[in-house]
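Residue numbers count from 1 along this sequence. Remember, it's 1-based here, ligands and their atoms both numbered in the order they're listed.
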Amino acid sequence: MEFNISLENRINAKSALPSSMQVVGITGPSGAGKSSLLRALAGFEQEASVSVNWFAEDAKPIASATVNAHSATKEINVNSAPIRVRVGLVFQQPMLFPHVNVKGNLALAERHAGSKALKVEHAIAGCECEHLLHKSIDSLSGGEAQRVALARALVNGPDVLMLDESLSALDAALRSKILRFLVKTCGRLNIKLIMVSHDVQDLALFCDGLISVVDGEVEATGSVAYVMAKIASQGSVENPCAILEGEIIKNSDDFPHPFTRLNVSGNILYAKATVQCDSKLNTNNKDEQGLSTDQHQQRGKIAVFASEVSIDTNTKVNVPSSSILNALPCEVVEIYHPEIPQSENQQLQTAIVMLTHGNQVLYARVSTLSIERLKLEPGLSVVARFKLQ
Ligand SMILES: Nc1ncnc2c1ncn2[C@@H]1O[C@H](COP(=O)(O)OP(=O)(O)OP(=O)(O)O)[C@@H](O)[C@H]1O
């Protein structure tokens with residue numbers, strides 16, 4: 001995906017991401033221009049100059065978009081062959097049709113459904129709104145209305161689905177459940193998903209790529225790990241979130257605890273919730289006779305906030321000596337001190353310590369006093385201890 005957008009006094013943004021990144025998140029501080037950028041991409045900003053190519057790797061050169069703000073459908077010309085791209089935009093305040101009930105709203109979307117449309121029964125099940133079908137729009141709670149708006153967008157079948165804080169009224173557990181369904185569905189139907197969210201964990205867990213926007217401009221674009229590292233180093237996010245990936249260990253009777261276990265290069269981590277990612281064919285498994293028993297190994301990822309991580313310079317992790325279950329040997333890579341003093345009292349100041357475990361990154365927010373006491377510096381071997389939700 002490539003775009004070049006300008007909107008006087010608000011947006012001057014240019015970016016490119018590989019089309020293999022199916023789910024793209026837009027992050028940035030309040031007022032940075034995230035919603036304006038999304039609306040411009042969707043064709044809702046009539047004053048904007050928009051050049052966008054959703055399929056940048058597949059179709060060169062960059063196509064210029066003919067924006068139709070009313071239908072939110074773009075016609076782009078790629079090498080003279082017009083391609084219609086159906087864009088669905090779901091706002092934080094759902095714009096449902098008030099004169100018909102939930103079922104009626106879905107029926108209207110179905111009437112104009114595109115080739116990537118999801119069946120109504122699947123959309124309402126995935127968006128947890130089966131019990132809402134006969135309700136009137138004005139009787140829906142904020143979270144219910146958001147779920148119906150999302151179901152309606154999926155029933156309509158866009159090529160590109162954009163969410164502007166569209167699940168903000170849901171509690172974290174339900175939001176996570178619906179996001180899992182959404183990401184899976186968009187992957188299966190080849191729908192590009194672009195989401196603006198203030199929830200760094202949602203973005204880190206569910207997106208393949210991120211765009212960080214500051215003052216209407218793109219500050220960083222790329223993989224979640226790259227953009228998170230960039231914004232952590234620039235201090236533009238108070239509590240950076242890292243993603244760790246590993247193999248999910250199937251729970252069995254000999255482990256009667258409510259945790260999912262993740263094997264991260266030989267270290268077992270315990271989490272209440274993991275997000276499954278790709279499954280990999282494991283060809284190393286052998287049965288009792290030594291014959292190969294190829295199995296799909298399910299991989300998962302977990303989000304770890306910097307505020308949850310403490311650093312231990314005692315690296316003997318084999319002996320459990322802490323109630324914190326998770327321990328991962330790491331190396332200190334970088335220490336980012338805040339540019340602006342957070343407090344008159346130096347001892348209350350915190351810094352972000354960037355750690356690596358193999359090629360995986362972790363952040364820890366620790367006091368500058370601890371940094372001094374533990375003599376933390378790049379190259380030092382430490383153990384990161386952390387709690388997981
Ligand atoms: N329709 C508009 N006309 C003029 N200025 C606008 C309009 N909408 C937003 N702005 C301004 O553009 C800037 C970016 O707003 P925008 O809503 O895009 O930011 P945001 O990053 O989505 O913010 P937030 O995270 O707080 O929702 C703000 O200064 C805002 O006041």
Query - Gln146/Ser168 under side chain to side chain contact (heavy atoms under 4.5 Å, CB included): CA gap, chis, key distance, verdict - result: CA-CA 8 Å; Gln146 287 190 334; Ser168 59; 3.2 Å; yes
Query raised in the report: Between Glu45 and Arg39, is there a salt bridge with N-O shorter than 4.0 Å?
Result: yes
**Report entry** Check ion pair Arg299-Glu245 (N to O, under 4.0 angstrom)
**Finding:** yes
Is it the side chain, the backbone, both or neither of [X] that has a heavy atom closer than 4.0 Å to ligand 1?
X: Arg39; value: side chain
X: Arg10; value: side chain
X: His198; value: side chain

Query raised in the report: Can you tell me if CD on Glu238 sees more than 12 non-hydrogen neighbours from other groups inside 6.0 Å?
Result: no
Query raised in the report: Looking only at heavy atoms of Ala32, does any of them come nearer than 4.0 Å to an atom of ligand 1?
Result: yes
Query raised in the report: Non-hydrogen atoms of Pro29 versus ligand 1: any pair closer than 4.0 Å?
Result: yes
For [atom], which protein heavy atom lies nearest, and how many Å away is it?
atom: atom 19 (O) of ligand 1; result: Gly33 N, 3.2 Å
atom: atom 26 (O) of ligand 1; result: Ser30 OG, 2.6 Å
atom: atom 17 (O) of ligand 1; result: Ser35 CB, 3.8 Å
atom: atom 24 (P) of ligand 1; result: Gly31 N, 3.6 Å
atom: atom 18 (O) of ligand 1; result: Ser36 OG, 2.5 Å

Query raised in the report: Should the pair Phe97 and His99 be assigned to parallel (<30°), tilted (30 to 60°) or perpendicular (>60°) ring geometry?
Result: tilted
**Report entry** Test item: protein heavy atom less than 4.0 Å from atom 30 (C) of ligand 1
**Finding:** no
Query raised in the report: Taking atom CD of Glu334 and atom OG1 of Thr356, what is their separation to the nearest 0.5 Å?
Result: 11.0 Å
Query raised in the report: What distance do Arg385 atom CZ and Ile311 atom CD1 have between them, rounded to the nearest 0.5 Å?
Result: 12.0 Å
Requested in this report: Side-chain contact test, heavy atoms from C-beta onward, threshold under 4.5 Å: evaluate it for Met1 versus Val160 and give yes or no.
Outcome: no
